[in-house]
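Accompanying notes for the structure given below.
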There are 2 protein chains.
Amino acid sequence: MPKDRAPTRIQKKNRAAILEAALNVFSAHGFRGATVDQIAAEAGLSKPNLLYYFPSKEAIHTALLSGLLETWLAPLHELDKNGDPMTEILSYIHRKLQMSRELPRESRLFANELVQGAPRIHDALSNDLKALVDEKTAILTTWMDQGKIARVHPYHLFFSIWALTQHYADFDVQVRAILSEEDPFEGAGPFIDMLYRKLLSP
Amino acid sequence: MPKDRAPTRIQKKNRAAILEAALNVFSAHGFRGATVDQIAAEAGLSKPNLLYYFPSKEAIHTALLSGLLETWLAPLHELDKNGDPMTEILSYIHRKLQMSRELPRESRLFANELVQGAPRIHDALSNDLKALVDEKTAILTTWMDQGKIARVHPYHLFFSIWALTQHYADFDVQVRAILSEEDPFEGAGPFIDMLYRKLLSP
DNA sequence: CGTGAGTTTGACCAGATGGTCAAATCAAGA
DNA sequence: TCTTGATTTGACCATCTGGTCAAACTCACG
């Protein structure tokens with residue numbers, strides 16, 4: 001294992017290559033479905049070499065997940081209580097949809113984890129995610145009290161946004177099987193936009 | 001392997017037990033994450049005994065999936081072009097939500113499969129599902145033409161229904177991490193109902 | 001009963017998989 | 001250039017996993 005000093009040029013390059021390869025493999029096959037050999041091959045390293053940078057398969061997975069959780073929650077952090085309610089919410093939704101479009105592997109990595117009971121990120125959900133959602137829920141409730149948006153169950157509002165936006169990344173095959181030619185995101189943006197405008201108009 | 005005659009009492013019992021156990025294990029761990037030993041143990045059989053009833057792990061999985069696909073599409077089949085548009089659509093949505101509540105393992109089985117690219121049911125999606133959706137899409141379009149419901153992209157309407165309803169089964173852990181005490185379906189029903197009423201009101 | 005088909009199992013196998021290790025190779029500063 | 005730590009690898013190992021097989025056991029029925 002590399003020493004605990006400042007990472008060398010080679011360490012940076014190889015760690016990055018490993019995480020990139022691992023994202024491909026884990027998101028496509030899930031944790032148990034992924035093999036270390038496969039990740040190593042995709043990263044252009046031998047298996048022992050890979051295990052020189054990360055102590056175990058589990059460690060790679062953990063590194064990926066914890067790194068991505070931050071990225072994943074970022075769009076919600078930006079929701080600003082001082083902005084215009086409808087604009088803020090729609091912007092959040094479009095940021096989420098954009099993430100599904102640009103980071104589908106990340107979305108599927110989380111989906112794999114969640115569908116299987118989130119054994120490795122359960123704590124992060126109950127702590128970090130829960131806290132952030134509660135904070136933003138309070139803002140939504142204020143807006144509802146002020147009559148600036150329609151009154152809906154704020155938690156379920158979040159669930160619906162996550163479900164709708166991530167669906168396009170997670171169930172991409174199904175979406176494309178139905179749409180055949182059309183670019184899914186082409187129609188998804190306007191559809192979701194209209195949906196939430198109608199739902200939230202006071 | 002049991003002969004091709006009418007199944008004996010024991011065959012019926014054991015096949016059922018195997019499929020039941022396999023549903024538990026596959027839905028919780030995905031295809032590769034599941035082991036034959038685990039399924040056998042949960043079915044109360046030895047591994048060779050299990051493989052006396054199904055020739056391979058793959059065969060069990062296939063049997064499960066093809067059996068369930070029918071169940072899964074049933075709610076959409078019921079959508080009746082002669083019924084009241086809004087009622088028909090909302091009934092469909094509630095049937096789907098009910099399935100997420102009562103058959104969460106089945107939902108997660110499909111979710112696992114889809115997230116990982118649906119290697120084993122891709123054909124069924126492009127054929128059976130696509131055909132059914134196209135048939136029902138035509139009905140929706142007629143209703144829109146007649147001004148009985150608002151005009152929205154019908155494919156994306158279906159995606160949104162699937163995403164919203166299955167979310168509660170597939171991402172159950174996350175939902176519960178946010179809601180803590182509350183029963184998810186308690187709030188989900190009214191929320192989704194209101195959402196589609198607003199979206200589809202002409 | 002007895003018998004043949006249906007059912008069950010312990011022992012076993014080959015390949016895959018996560019991980020280890022000592023030895024070899026490489027890179028960069030003195 | 002030389003040295004020392006960083007990097008890489010071939011060979012190896014224990015365990016897991018899907019699957020096989022012959023032998024043993026059980027059951028239904030004449």
Side-chain angles (χ1 to χ4, degrees), chain A residues 1-65 112-113 116 119-120, chain B residues 1-65 112-113 116 119-120:
Chain A
M1 195 167 14
K3 291 294 159 63
D4 213 359
R5 310 177 185 169
T8 68
R9 172 181 55 88
I10 295 177
Q11 275 171 37
K12 272 188 196 162
K13 193 193 61 173
N14 284 346
R15 276 181 194 278
I18 291 169
L19 289 176
E20 169 70 14
L23 178 56
N24 278 333
V25 178
F26 281 132
S27 69
H29 304 289
F31 180 75
R32 293 200 53 177
T35 75
V36 176
D37 279 295
Q38 210 178 338
I39 298 171
E42 197 145 331
L45 299 174
S46 66
K47 183 167 60 170
N49 199 178
L50 181 148
L51 289 166
Y52 169 70
Y53 290 100
F54 288 89
S56 68
K57 178 184 175 180
E58 178 96 34
I60 306 173
H61 195 249
T62 303
L64 259 188
L65 278 182
N112 263 303
E113 191 64 13
Q116 299 184 10
R120 300 160 224 279
Chain B
M1 198 171 5
K3 292 294 158 66
D4 213 357
R5 310 177 187 170
T8 67
R9 174 182 55 88
I10 296 178
Q11 274 170 38
K12 272 188 196 163
K13 193 193 64 179
N14 283 346
R15 276 180 194 278
I18 291 169
L19 289 175
E20 169 71 14
L23 179 57
N24 279 332
V25 178
F26 281 133
S27 69
H29 303 291
F31 180 76
R32 292 201 54 177
T35 75
V36 176
D37 279 295
Q38 211 178 336
I39 298 172
E42 198 145 331
L45 299 174
S46 66
K47 182 167 59 169
N49 199 180
L50 180 148
L51 290 167
Y52 169 71
Y53 290 99
F54 288 87
S56 67
K57 177 184 177 182
E58 179 96 36
I60 306 173
H61 194 248
T62 303
L64 259 189
L65 277 181
N112 263 302
E113 191 63 13
Q116 299 184 10
R120 300 159 223 280

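We name chains A, B, ... by the order of the sequence lines, and we start the count at 1 in each one.
- For the residue pair B:Ala17 and B:Ala43, the shortest heavy atom distance occurs at O-CB, 3.7 Å.
- Here salt bridge (Lys or Arg N to Asp or Glu O under 4.0 Å) pairs that include residues 29-45 of chain B, with residues two or more places apart or in two chains, are B:Asp37-B:Lys47.
- What separates NE2 of B:His29 from P of D:dC16 is a distance of 16 Å, to the nearest Å.
- Rounding to the nearest 0.5 Å places CG of A:Leu65 at 5.5 Å from CD of A:Glu113.
- For D:dT7, the OP1/OP2 oxygens have a side-chain nitrogen or oxygen of A:Tyr52 closer than 4.0 Å.
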Contact string for nucleotides 13-23 of chain C, one letter per nucleotide 5' to 3', B = base within protein heavy-atom range under 4.0 Å, S = sugar-phosphate only, - = neither, reads ----SBBBB--
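- To the nearest 0.5 Å, atoms NZ (B:Lys57) and OG1 (B:Thr62) are separated by 12.0 Å.
- Contact check, B:Asn14 against C:dT8: a side-chain N or O comes under 4.0 Å of OP1 or OP2.
- Distance from the side chain of B:Thr8 is smallest for C:dG6 among the nucleotides C:dG6, C:dT8, D:dT7.
- The OH-C1' distance, from A:Tyr53 to D:dA6, rounds to 8 Å in whole Å.
- In plain terms, the two heavy atoms of A:Tyr53 and A:Ile18 that are nearest each other are CB-CD1, 3.7 Å.
- Atom CZ in A:Phe54 sits about 14 Å away from atom P in D:dT8, given to the nearest Å.
- Taking only side-chain nitrogens and oxygens, B:Gln11 never comes nearer than 4.0 Å to OP1 or OP2 of C:dG6.
- Considering CG of A:Leu19 and CG of A:Asn24, their distance stands at 11.5 Å, rounded to 0.5 Å.
- The nearest whole Å value for the distance from the CG atom in B:Leu50 to the C1' atom in D:dG18 is 11 Å.
- Contact annotation: B:Asn49 side-chain N/O to C:dT9 OP1/OP2 distance is under 4.0 Å.
- Expressed to the nearest 0.5 Å, how far CD1 of B:Ile60 lies from CZ of B:Phe31 amounts to 8.5 Å.
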Atom pairs, protein N/O to nucleotides 27-29 of chain C N/O, distance under 3.5 Å:
residue, atom, partner, partner atom, Å
C:dA28, OP1, A:Arg9, NH2, 2.9

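- Ring pair A:Phe26/A:His61 is perpendicular by interplanar angle, where above 60° counts as perpendicular and below 30° as parallel.
- Remark: A:Leu50 CG to A:Ile39 CD1 distance equals 7.0 Å, nearest 0.5 Å.
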